[in-house]
There are 2 protein chains.
Amino acid sequence: MANVNSYTRRMPTPDRTSLDAIVDAARDLLEEQGLTGLTMNAVALRVGVRPPSLYKRVSSREQLVQLVAEATLTGVAVRLDRMESAAEVVNEFRRFGHAHPAAFQLVMTPAAGIPTARREFGERASDAMLRIGGMLAGEEHALVAARTLTAWATGFVSMELNGSFQLGGDIDEAWRFGVARLIDALTRVG
Amino acid sequence: MANVNSYTRRMPTPDRTSLDAIVDAARDLLEEQGLTGLTMNAVALRVGVRPPSLYKRVSSREQLVQLVAEATLTGVAVRLDRMESAAEVVNEFRRFGHAHPAAFQLVMTPAAGIPTARREFGERASDAMLRIGGMLAGEEHALVAARTLTAWATGFVSMELNGSFQLGGDIDEAWRFGVARLIDALTRVG
DNA sequence: ACCTGAACACCGTTCAAGT
DNA sequence: ACCTGAACACCGTTCAAGT
């Protein structure tokens, strides 16, 4: 008697979207319109529901932004893990910034009050940096070396993305100069 | 006949605030509440007028944020210009980040869509960096050296301000390590 | 000439009512 | 069980009306 028609009983309205679709729409909006363009309204429009429906999948806009940050960091981690040499890792890091500028800024240089990824996502993304830090400077200096390299690469990519290099000159040349100088400096430590 | 009482004629309502007071209130709010807390409402409340009155002094919230960014960069430029050695400049840069974290992030790592300072303000702030770049690496490498140093310092301070150094260890030690490695590396170039 | 209340189009979010 | 319209408190901004 209970299961005569369990489908229509259990699904009075079928799902019209999914958490993945919502996060993907949010990521696209972030790149296209910036963080201010990532509104619940715009996300809802993209996934084909009304704004209140989003709250069945995410608890707030803040949590949605956090999910975007975490998905981004997972992507970076996977890409960096594949690289071998220090130069490759750092070049891939920069390539990622060029491919997803807004997501890069969101995860690497969030302003105060912007929701960030939970700890474990950041740690996973720093594995590759620690690995090359140890390779270059020796295991006992792996952490400081990784921090030096990450700080430089983050600052450089962030500056080129927001147009802070205003004095002309070749940006790619400045990047190669920095890579060479840093790798050399860190190698001398070990 | 025209000037019997020019004061009351020309000032039917005396000024109740000023552009400086508005920008100062905005800077305070930025540090206390973050960029999202810098609302026209909150600024108006602080300077003692109603929100619409602000539009007599600034054309938009966007322009107000730009004025905050420019005032911030002017402050940095003055402080960096006073320093002599490369280590002093870069340490003062970090001290500034600690003193005004939200303003630092606003001017050094603004997200896409955030209003930034007009060109000349950024250039003025980079004078000191160019100077020490030339001191360390020689005039012909001044620009790439300045970019390497600025990128590293910006990335480092930005990361410590937003809590990106999550793996323990001594942050000050990592800073000193970076300063020493970079100055050494850039000196070898010249 | 500066200031204000009222109004508008937008946010994020809640919730009762629909299916 | 998911979806929606209506509603609320907030934004930034405009503008006619006050002094």
Side-chain angles (χ1 to χ4, degrees), chain A residues 2-23 25-26 29-30 32-69 106 111-115, chain B residues 2-23 25-26 29-30 32-69 106 111-115:
Chain A
N3 293 341
V4 173
N5 191 336
S6 68
Y7 183 82
T8 51
R9 285 268 188 89
R10 297 181 46 238
M11 289 196 138
T13 61
D15 289 17
R16 251 163 256 187
T17 184
S18 68
L19 181 57
D20 278 355
I22 289 170
V23 173
L29 275 164
L30 175 63
E32 292 167 27
Q33 323 259 11
L35 194 53
T36 26
L38 198 174
T39 67
M40 297 304 267
N41 233 311
V43 171
L45 193 66
R46 261 179 208 227
V47 301
V49 298
R50 299 285 175 178
S53 299
L54 297 177
Y55 293 85
K56 285 282 153 181
R57 310 274 199 290
V58 298
S59 63
S60 64
R61 175 178 181 275
E62 200 167 317
Q63 197 215 348
L64 177 53
V65 173
Q66 180 185 274
L67 292 174
V68 169
L106 174 66
I114 302 292
Chain B
N3 294 343
V4 172
N5 191 335
S6 67
Y7 183 82
T8 51
R9 286 269 186 87
R10 297 181 46 237
M11 287 197 140
T13 61
D15 288 18
R16 250 164 258 188
T17 185
S18 68
L19 181 58
D20 277 355
I22 290 171
V23 174
L29 276 164
L30 174 64
E32 292 167 26
Q33 324 258 10
L35 194 54
T36 26
L38 197 174
T39 67
M40 298 304 267
N41 233 311
V43 171
L45 193 65
R46 263 180 206 225
V47 300
V49 298
R50 300 284 174 177
S53 299
L54 298 176
Y55 293 86
K56 284 283 154 182
R57 310 271 200 286
V58 298
S59 63
S60 65
R61 176 179 181 275
E62 199 167 317
Q63 197 215 347
L64 177 54
V65 173
Q66 180 185 277
L67 292 173
V68 169
L106 175 66
I114 304 292

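Between B:Ile114 and A:Thr36 the shortest side-chain heavy-atom distance does not fall below 4.5 Å. Between B:Asp15 and B:Arg57, the closest side-chain pair of non-hydrogen atoms falls below 4.5 Å. Put simply, the side chain of A:Met40 reaches to within 4.5 Å of the side chain of A:Val58, judged on heavy atoms. Taking 4.5 Å as the limit, every side-chain heavy atom of B:Val23 sits out of range of all side-chain heavy atoms of B:Asp20. No side-chain heavy atom of A:Leu38 sits less than 4.5 Å from a side-chain heavy atom of A:Gln33.
For the OP1/OP2 pair of D:dC3 and a distance below 4.0 Å, the side-chain nitrogens and oxygens of A:Arg57 include at least one atom meeting the criterion. Within the structure, every side-chain polar atom (N or O) of A:Arg50 is placed at least 4.0 Å from both OP1 and OP2 of D:dC2. At the phosphate of C:dT4, OP1 or OP2 sits under 4.0 Å from a side-chain N or O atom of B:Ser53.
The distance from atom CD of B:Gln33 to atom P of D:dC10 is 14 Å, rounded to the nearest whole Å. Whole-Å rounding puts the A:Tyr55 OH to C:dA16 C1' distance at 17 Å. In this entry the distance linking CG of B:Asp15 with C1' of D:dT19 reads 14 Å, nearest Å. For A:Leu54 and C:dC15, the CG to P distance is 17 Å, given to the nearest whole Å.
When each of D:dT4, C:dT4, C:dC3 is scored by its nearest atom to the side-chain atoms of B:Pro52, the top-ranked nucleotide is C:dT4.
Between the OG atom in A:Ser59 and the CD atom in A:Gln66 there is a gap of 8.5 Å [rounded to 0.5 Å]. Here CZ of A:Arg61 is found 7.5 Å from OG1 of A:Thr39. Values are rounded to the nearest 0.5 Å. Rounded to the nearest 0.5 angstrom, A:Arg46 CZ and A:Glu32 CD are separated by 4.0 Å.
Contact between B:Pro115 and B:Leu106 at its shortest, heavy atoms only, is O-CD1, 4.4 Å.
Looking at A:Leu64, A:Val68, A:Leu67 one by one, the single match for side-chain contact (heavy atoms from CB on, under 4.5 Å) with A:Ile22 turns out to be A:Leu64.
Shown for residues 58-67 of chain A: residues whose heavy atoms fall under 4.0 angstrom of DNA chain C, namely A:Ser60, A:Arg61. Proximity of residues 37-49 of chain B to DNA chain C (heavy atom under 4.0 angstrom from any strand atom) is restricted to B:Val49.
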(request) Taking Watson-Crick and G-U wobble pairs with both distances under 3.5 Å, convert DNA chain C into its dot-bracket string, 5' to 3', dots for unpaired and | for cross-strand pairs. (result) ||.|||||...|||||.||
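More than 12 non-hydrogen atoms from other residues, nucleotides or ligands lie less than 6.0 angstrom from CD of A:Gln63.
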